[in-house]
Amino acid sequence: MTAHGRPERGLVAPAAGGSVLARWEAILAVAAPELAGHVKAVKFDAESGRLEVAPDAPAYGTKVRWIAPKLIAAANEKAPGANVRFLHVPGGQAIRPQNCWCVPRIRS
C-alpha cells in the first residue's frame, strides 16, 4: 500500500471472491460433504455474484445443480460479504479420463 491508502502498482486488494474460493472445501463440508474432492470452485465474479464450479464427472455436476440453493447459503455463511447469488456449472466441461472406453470410436 502507498501512503495514500491505495494499492501499489500491480497489486490488488483481496476481494471477497478470493475468500469464497479459498473456503470452498469448508463450504462443501457444511452443505454437501459427499462432493468434497469431486467439485472445485474455479472462479467467482463478485460483481454479478456468480460462482463457477467444475465437477470431475457429470453426475457431480447434476448434484451441484440440485443442491445449488444449499451451496449458495453455505457460501454466504462461510464467506461473509461475498454475496454469492448463483452457481454456474459449465455443461460438457467435466474432467474426463483420456482413455475412456465407454464412448466407442467410429472408424471410417
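Numbering starts at 1 and runs along the sequence shown. None of the values given here were measured: they were computed from a predicted structure. Note that these values count all heavy atoms, side chains included, but never hydrogens, waters or copies made by symmetry.
Here the closest heavy-atom approach between residue R23 and residue P80 is recorded as NH1-CD, 3.8 Å. Scanning both residues, A54 and V42, for their nearest heavy atoms gives CB-CG1, 3.9 Å. In plain terms, the two heavy atoms of A79 and V20 that are nearest each other are CB-CG2, 3.8 Å.
Applying the salt bridge (Lys or Arg N to Asp or Glu O under 4.0 Å) criterion to R85, with sequence neighbours excluded, gives no partner residue. The ring pair (Phe, Tyr, Trp, His ring centres under 6.0 Å) search around H38 returns Y60, not counting sequence neighbours. Qualifying side-chain hydrogen bond (donor to acceptor under 3.5 Å, both in side chains) partners for S48, counting only residues two or more places apart in sequence or in other chains: D45. Looking at residues two or more places apart in sequence or on another chain, you find a side chain to side chain contact (heavy atoms under 4.5 Å, CB included) between I72 and N76, V84, L87.
We find that R50 and E52 are joined by a salt bridge, their nearest charged nitrogen and carboxylate oxygen being less than 4.0 Å apart.
Residues W24 and I67 share a single hydrophobic cluster, defined by chaining ILVMFWY side chains whose heavy atoms lie under 4.5 Å apart. V53 and L21 fall within the same hydrophobic cluster, defined by Ile, Leu, Val, Met, Phe, Trp and Tyr side-chain heavy atoms under 4.5 Å apart, directly or through other members.
When each of V89, V64, L35 is paired with P55, the side chain to side chain contact (heavy atoms under 4.5 Å, CB included) condition holds for V89 and for no other.
Interatomic distance, CZ of R65 versus NE2 of H88, reported as 8.5 Å (0.5 Å rounding).
Pairs of residues two or more places apart, or lying in two chains, that qualify as salt bridge (Lys or Arg N to Asp or Glu O under 4.0 Å) and include a residue from residues 27-38 are E34-K63.
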